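Okay, so here's the structure we're looking at.
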Amino acid sequence: MAKNSGRAYSLGLSNQKGGAAKTTSAAALAAIYGEKGFRVLGIDSDPQAHLSLQLGVDFLREETLRGTVSDLYLGKASAEEVTVHTRFQGVDLIPASVDLAAVEINLPGMTGCDLRLRRGLEPIRNLYDLIILDSPPNLGKFAVNVLNASDFFIVPVDGPWGLRSVDTLLTLAQDNAAIYNLPTTLLGVFITMGDRTRIMQGVREEAERRFPKHLFKSEIRRSTLAREAAALETPVPLYASDSALAGDYRSLAEEIATRMGL
Ligand SMILES: Nc1ncnc2c1ncn2[C@@H]1O[C@H](COP(=O)(O)OP(=O)(O)OP(=O)(O)O)[C@@H](O)[C@H]1O
Ligand SMILES: [Mg+2]
């Protein structure tokens, strides 16, 4: 992997299916690239604020925060003003808080509502090698803003229902890219919560059939370590660095970097 010089690539995690491991994967990838010496910026664009929590930044506890992603959406603060360092090497974050839910109600009436995140991030693109964006489990305005701010997006699939929702997501991304003339490109689909059940074997086969060019070889296995890591507000690869689960994420990070040309 080589660092991207100049302008950061942005990588979104998208799937309207809840619990597909978007946030776990966003935190894991941010930590891995950060450890490798990349300058990584995580963006939490979900009112659940789980990426912020997973990276150890709790809005209710942090007195040092000068704002959140809500302020960026509302144009009340710049990206630089609301960025914080996390305790993980190379990883900064624009955190979310629960008040983001209220912002979504007002967003449709605001000018350039689908491009607010992309435009807000533009001034700090040159400060990072990679921007990783986490989405909420729906296809509302925040999911659209993440897609539109992403040069590439990846889709975690945790089972048959997760796979079912991919087509709608792709159509949404393509329609927006066409309307706004954006580069948004599907980088790939990857299996999470992988196990040896017949259900997951079926998901694997269907994903191979439907996304032959896009399915990543790396698969993230099901492991209780994911929940343990989340409870301790630490990304998986740093919580259990020698585990098979961390190895899965490192292998995925390599594949992603190769496809992105990092
Ligand atoms: N590989 C895994 N094995 C087992 N459990 C996992 C794995 N990855 C994530 N989990 C757990 O599954 C739950 C959902 O994961 P996560 O929050 O990352 O999904 P999400 O797609 O971000 O959810 P949401 O749609 O609500 O934002 C969490 O409790 C997480 O700890
Ligand atoms: Mg999440």
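What you are looking at is a predicted structure, and each value in this text was computed from that prediction instead of being measured. Start at 1 with the first residue, then count along the sequence. Order of appearance sets the numbers: ligands from 1, and atoms from 1 within every ligand.
Protein atoms of type N/O/S that fall under 2.8 Å from the Mg ion (ligand 2) number 1 in this view.
Residues His50 and Asp44 share a closest heavy-atom pair of N-OD2, 3.7 Å.
Only one option out of Ile132, Asp92, Leu121, Leu72 pairs with Ile43 in a side-chain contact (heavy atoms from CB on, under 4.5 Å); it is Leu121. Test Val69, Leu117, Leu100, Leu147 against Phe142 for side-chain contact (heavy atoms from CB on, under 4.5 Å) and you get one pass: Leu100.
For Lys36 and Asp129, the salt-bridge test fails: no basic side-chain N is under 4.0 Å from an acidic carboxylate O.
For Glu80, the CD atom is loosely surrounded, since the number of other residues' heavy atoms within 6.0 Å does not exceed 12.
Annotation: salt bridge (Lys or Arg N to Asp or Glu O under 4.0 Å) contacts of Glu104 (sequence neighbours excluded): none. By the salt bridge (Lys or Arg N to Asp or Glu O under 4.0 Å) test, Arg164 pairs with no residue at all, sequence neighbours left out.
Aromatic ring centroids of Tyr128 and Phe38 lie 6.0 Å or more apart.
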Worked verdict on Asp71 versus Arg66 for side-chain contact (heavy atoms from CB on, under 4.5 Å): CA-CA 9 Å; Asp71 301 297; Arg66 283 186 290 165; over 6 Å; no
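The residues lining ligand 1, counting any heavy atom closer than 4.0 Å, are Lys17, Gly18, Gly19, Ala20, Ala21, Lys22, Thr23, Thr24, Asp46, Gln48, Pro137, Met193, Ile220, Arg221, Arg222, Ser223, Ala226, Arg227, Leu245.
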